[in-house]
Number of protein chains: 4
Amino acid sequence: MPQITTETKGVFVIAVTPFTDTMAVDTASVDSMVDFYYDKGADGLTILGMMGEAPKLTQSEALDITRQTLMRSGDKPVVVGVSAPGLAAIEELTKAVMDMGAAGVMVAPPGSLKTDDQIFTYYQNVVDTIGTDVPVVLQDFPLVTGIHISSSLLGRIVEAMPSIVMLKHEDWPGLAKISDIRNAEAKGRRRLSVLCGNGGVFLPEEMERGADGAMTGFAFPEMMVDVVRLAGNGEMERAQDIFDAYLPLVRYEQQPGLGLAVRKHTLAKRGAIASATQRRPGAMLAPKAIAEVERLIARQTRKLEALA
Amino acid sequence: MPQITTETKGVFVIAVTPFTDTMAVDTASVDSMVDFYYDKGADGLTILGMMGEAPKLTQSEALDITRQTLMRSGDKPVVVGVSAPGLAAIEELTKAVMDMGAAGVMVAPPGSLKTDDQIFTYYQNVVDTIGTDVPVVLQDFPLVTGIHISSSLLGRIVEAMPSIVMLKHEDWPGLAKISDIRNAEAKGRRRLSVLCGNGGVFLPEEMERGADGAMTGFAFPEMMVDVVRLAGNGEMERAQDIFDAYLPLVRYEQQPGLGLAVRKHTLAKRGAIASATQRRPGAMLAPKAIAEVERLIARQTRKLEALA
Amino acid sequence: MPQITTETKGVFVIAVTPFTDTMAVDTASVDSMVDFYYDKGADGLTILGMMGEAPKLTQSEALDITRQTLMRSGDKPVVVGVSAPGLAAIEELTKAVMDMGAAGVMVAPPGSLKTDDQIFTYYQNVVDTIGTDVPVVLQDFPLVTGIHISSSLLGRIVEAMPSIVMLKHEDWPGLAKISDIRNAEAKGRRRLSVLCGNGGVFLPEEMERGADGAMTGFAFPEMMVDVVRLAGNGEMERAQDIFDAYLPLVRYEQQPGLGLAVRKHTLAKRGAIASATQRRPGAMLAPKAIAEVERLIARQTRKLEALA
Amino acid sequence: MPQITTETKGVFVIAVTPFTDTMAVDTASVDSMVDFYYDKGADGLTILGMMGEAPKLTQSEALDITRQTLMRSGDKPVVVGVSAPGLAAIEELTKAVMDMGAAGVMVAPPGSLKTDDQIFTYYQNVVDTIGTDVPVVLQDFPLVTGIHISSSLLGRIVEAMPSIVMLKHEDWPGLAKISDIRNAEAKGRRRLSVLCGNGGVFLPEEMERGADGAMTGFAFPEMMVDVVRLAGNGEMERAQDIFDAYLPLVRYEQQPGLGLAVRKHTLAKRGAIASATQRRPGAMLAPKAIAEVERLIARQTRKLEALA
């Protein structure tokens with residue numbers, strides 16, 4: 001059971017949580033979705049993400065999904081989101097999923113933190129609580145958490161807490177932060193794995209700035225796989241060509257709140273999951289929105305064929 | 001096992017969660033604390049409050065404390081806070097505590113809600129999810145939740161959702177809201193029980209505006225009991241005299257974040273719990289703060305003696 | 001001097017404020033920029049926008065720029081942003097710019113508003129203060145203001161305040177809001193002109209949903225002009241083809257805070273203004289960012305040539 | 001014309017802005033109010049405070065009030081609030097009021113700042129823009145600004161910017177911050193004058209922690225004058241006795257938003273100003289609220305007589 005490290009690279013897809021039309025967890029779709037992601041080239045998965053539907057699960061459902069995903073993933077690494085309102089829940093969930101073989105845990109800062117010092121102390125408390133042997137992904141997503149982590153604060157955290165091995169980078173704008181990280185490392189700071197989120201909407205630039213890959217849930221993971229691979233080979237123009245073909249849909253899927261409905265619709269259409277159903281509260285995709293998605297996918301298909 | 005209704009009146013103390021010096025749940029102190037609150041005149045208790053240390057408990061600890069508190073409370077009503085990031089957890093916890101005999105559940109709105117319509121829909125979802133037979137306390141605490149509920153929105157909620165029987169009132173300023181509620185009821189809207197929070201810092205005025213009592217955790221619950229009783233008898237000057245004697249400490253205890261440390265210190269000093277220990281993250285009471293609290297309590301004692 | 005109405009359609013470019021290298025207002029560039037925007041097909045301009053550099057101007061500078069822009073615009077309509085911390089400043093600025101011949105004023109809600117009722121009352125106060133004969137653009141930009149206006153609240157405002165003739169639409173996600181507006185109008189609500197912002201990143205879908213055009217500042221205004229014209233003619237595939245060619249740069253320019261630097265860099269490169277200088281506080285464009293912009297513009301040029 | 005320094009001590013009253021019943025600036029009341037404050041023992045005044053009605057004034061009204069207040073204050077120091085959305089307005093207003101003889105300017109951080117580094121840079125920009133010869137009061141009022149300044153960040157600012165000579169302290173809880181400041185000074189950091197706000201609700205404890213006085217607008221400034229003087233003499237019990245007599249009204253006046261109406265009502269009742277009128281938007285004091293204030297003042301009078 002592999003664990004993530006400061007050297008981890010590639011594409012970790014943020015998995016959705018499939019439900020049946022009656023809102024039960026759709027265990028058959030968990031398997032088909034996991035297979036789908038790896039078929040498309042994913043290097044690993046991230047489940048129970050803060051933005052996904054983790055809060056809509058009971059604790060036992062969350063653990064069952066984790067167990068099933070790990071089993072189905074074989075030797076591929078699976079990161080598990082453990083963000084929770086309190087340290088006790090984070091500790092309990094972390095212990096459970098690491099015992100099952102998770103590759104690490106992801107923690108976003110709670111919105112109640114006010115100052116750099118409070119954010120620093122929060123992560124210190126997390127690391128002290130779950131144990132410094134557990135690899136941690138720091139999720140830096142100010143649009144949703146409301147918590148802004150400056151490059152200098154991130155540096156303090158990186159220096160003080162070696163078990164934080166990875167940044168899920170989704171600050172916006174965030175390109176300068178990647179450059180800041182790599183510049184600090186060039187001057188001797190220890191390495192941090194940087195996988196980028198935000199639906200991949202800046203992935204070409206992020207790779208050029210020194211990111212190690214993507215950790216996000218765009219419903220065409222092959223886009224991330226291609227861009228990361230091509231960028232790794234230095235084929236930036238080709239990477240951007242591929243990216244541009246997907247960009248209209250990436251942009252559409254990145255609408256806050258609505259994006260999950262778009263993503264599930266697309267995954268269902270592609271056969272990865274059986275149903276686009278969300279548990280409450282969940283934005284329904286209006287007929288006009290479905291038509292917009294369908295039009296974008298049709299155009300995307302034509303563009304990709306032209307590029308092939 | 002009594003349940004709260006729209007007619008509920010009196011003082012419900014927000015209970016702390018006692019821990020031992022090694023940060024385990026202190027079950028002996030749970031019993032002594034429950035006894036202490038009722039000895040001082042509480043009509044009921046509220047546990048697992050959002051502002052307390054509920055998020056620092058594992059789910060099984062939370063259920064154990066609920067069971068013990070209900071057992072020890074006998075036929076006194078106990079409201080249980082079930083605020084959580086998602087409806088699944090709220091549903092699971094509500095079912096468990098109502099089966100144990102809770103008098104109702106308390107739900108605060110999550111900070112991610114943006115508009116009146118979203119707040120309305122949130123409570124509609126909660127009520128639909130847990131079932132309309134469960135009495136609900138709406139916790140209106142914008143200072144902490146960031147969610148502001150206007151009188152007109154509260155009216156929409158009250159009219160649409162009969163199972164919301166009580167308001168834990170801690171808007172600030174909030175006196176006009178109580179008047180608005182009672183004015184609307186005078187014009188025919190159905191009744192809402194209104195118990196006031198904020199450490200009791202406006203309790204005399206709140207009672208005069210038509211509140212039904214207090215639901216807050218000031219470490220001298222006898223203040224709330226006396227003020228509510230005297231106000232109920234129309235003895236407002238005497239109520240205010242008593243209140244004024246406690247006010248310097250009420251004010252001190254109401255410091256956001258720090259208040260819980262003051263409260264636990266005082267409860268430990270009074271013998272209600274064995275230790276003022278908090279689980280992380282918890283503000284430590286500095287020696288200067290302890291001296292300030294001690295001075296305020298000494299002065300309070302002298303003033304109360306003069307009033308006796 | 002034309003005024004905006006509920007029937008206004010087309011492209012209003014949000015103008016930047018040009019400064020010289022020594023941070024004085026660059027009056028020569030004001031003229032060249034105004035000419036540039038109209039040369040590219042703009043139907044009107046919007047100046048002193050909240051997101052621009054209006055707060056970096058003294059009051060007399062703001063009035064001078066308004067006067068000059070109006071003069072240079074001839075009979076083209078110019079909307080002036082008058083958002084300010086208080087009604088007195090809004091009243092004073094509105095009177096001044098309307099006397100000069102502005103086509104209307106734009107007002108964003110201050111971030112201190114908490115509830116639907118407070119937002120409603122705010123706009124009622126604005127309209128009462130400046131006079132109901134002044135056409136008002138309501139700027140709905142929650143990402144920056146923090147104020148979320150639901151479709152139902154917008155409806156209340158539209159019904160109560162006829163002088164609010166236009167919505168600068170930049171909620172995100174915001175497509176459903178356009179549909180909601182047009183649906184309500186189909187049922188009899190009075191018309192509202194809807195011009196869309198957010199750098200144009202959803203312009204094709206917005207036009208299909210019933211928007212009247214764009215009001216945003218992307219440094220290639222010809223994109224908005226083409227997309228709005230083609231969409232008006234029902235040529236949606238062609239509109240989307242044009243849009244897609246610009247999208248990588250639209251996306252890049254839409255980075256909060258950084259976007260203005262990208263926009264000024266591009267406008268200076270295109271000769272619209274002499275210098276990309278910003279007054280403090282202003283994000284500098286790092287060399288890597290300049291290289292990214294240059295690469296995106298080069299790719300954009302090639303794509304547009306292929307489409308010609 | 002005296003200026004504030006790092007050694008400034010005493011009571012600076014935050015002045016209201018008096019309006020006539022027709023909402024014009026009431027210049028006669030400006031004089032009577034200034035006299036009233038000094039009669040009650042104020043050492044200086046602060047005008048155009050962020051929380052007052054400064055944003056309801058036009059720029060020329062603001063300058064007229066400043067000129068009149070400075071004239072009437074003779075050789076007493078007057079601090080002028082210059083918080084504004086942009087540096088240009090801050091610079092312009094600062095130059096104007098310092099030329100008139102202001103003792104210094106007060107600047108609160110804008111709510112758009114996100115990180116410690118951004119807050120630091122903001123004050124650096126302010127100081128650079130207005131000139132390092134202008135004494136600055138840093139207003140630290142997170143409840144209203146939303147900006148939280150930790151003790152460590154405050155230390156960085158103090159060390160880097162000598163012209164910031166005073167802290168208007170109204171963090172809440174904020175007692176530890178005063179201790180932190182004095183402890184750092186004991187270890188060699190340069191001195192900072194600390195005047196406390198929040199309506200004076202923690203003034204005894206603040207003085208004991210090392211504050212230099214008060215800067216707030218409670219309508220009985222003699223309370224602040226007495227408490228600061230007695231605390232300075234080491235007569236803490238007497239200081240607290242006086243304080244306790246006023247505390248019920250202090251608490252009532254400290255209701256956010258509503259407090260200004262209470263304050264103006266009381267000042268009008270005491271003859272300091274002719275009318276309690278506020279410009280829009282301004283909370284009206286309901287008849288019930290007026291009755292509550294009257295009752296609290298009557299009780300306060302009796303208590304003070306008993307203490308005399």
Side-chain angles (χ1 to χ4, degrees), chain C residues 17 19 23-25 48 50-63 65 81 83-96 108-114 117-130 143-147 256-257 278-283, chain D residues 17 19 23-25 48 50-63 65 81 83-96 108-114 117-130 143-147 256-257 278-283:
Chain C
T17 303
F19 297 108
M23 301 215 183
V25 174
L48 305 186
M50 186 184 56
M51 281 318 84
E53 297 182 83
K56 300 177 187 172
L57 302 174
T58 66
Q59 197 168 312
S60 64
E61 286 174 332
L63 292 178
I65 289 172
S83 300
L87 292 169
I90 291 175
E91 181 180 16
E92 193 176 30
L93 190 51
T94 296
K95 180 158 180 14
S112 55
L113 304 174
K114 304 294 186 199
D117 286 351
Q118 287 183 15
I119 299 167
F120 181 91
T121 301
Y122 180 77
Y123 276 101
Q124 191 67 67
N125 277 339
V126 167
V127 166
D128 289 351
T129 298
I130 65 175
L143 181 68
V144 167
T145 63
I147 302 302
Q278 291 183 58
R279 282 190 178 168
R280 284 183 301 191
Chain D
T17 303
F19 297 108
M23 303 217 181
V25 173
L48 305 186
M50 186 184 55
M51 284 316 85
E53 298 182 84
K56 300 177 186 173
L57 302 174
T58 65
Q59 196 168 312
S60 64
E61 286 174 333
L63 293 178
I65 289 172
S83 299
L87 293 169
I90 291 175
E91 181 180 19
E92 193 176 30
L93 190 51
T94 296
K95 180 159 182 10
S112 54
L113 303 174
K114 305 294 184 199
D117 285 351
Q118 288 183 13
I119 299 167
F120 182 90
T121 301
Y122 179 77
Y123 276 102
Q124 192 67 66
N125 277 339
V126 167
V127 167
D128 290 350
T129 299
I130 66 175
L143 182 66
V144 167
T145 62
I147 302 301
Q278 291 184 58
R279 282 190 179 168
R280 283 183 302 193

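Note on naming: letters A, B, ... go to the chains in the order of the sequence lines (proteins, then strands), and numbering restarts at 1 for each one. Keep in mind that the numbers below use all heavy atoms, side chains included, and drop hydrogens, waters and symmetry copies.
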If I measure from the heavy atoms of chain C, does Q59(D) come under 4.5 Å with its side chain, its backbone, both, or neither?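 For Q59(D), heavy atoms of backbone and side chain both lie under 4.5 Å from chain C.
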
Which bit of L87(D) comes within less than 4.5 Å of chain C, counting heavy atoms only: side chain, backbone, both or neither?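 Its backbone and side chain both get close to chain C.
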
State the CZ-CD distance between R280(C) and E91(D), to the nearest 0.5 angstrom.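 If I round to the nearest 0.5 Å, the distance is 8.5 Å.
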
Can you name the residues of residues 121-128 of chain D that have some heavy atom under 4.5 Å away from a heavy atom in chain C?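 Hits under 4.5 Å: N125(D), D128(D).
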
Taking only residues two or more places apart in sequence, or in another chain, which ones meet K114(D) in a salt bridge (charged side-chain N to carboxylate O under 4.0 Å, His left out)?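 Result, salt bridge (charged side-chain N to carboxylate O under 4.0 Å, His left out) vs K114(D): none returned.
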
Could you tell me which non-hydrogen atom of A88(C) sits nearest to which non-hydrogen atom of R279(D), and how far apart they are?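 Looks like CB-NH1, 4.4 Å.
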
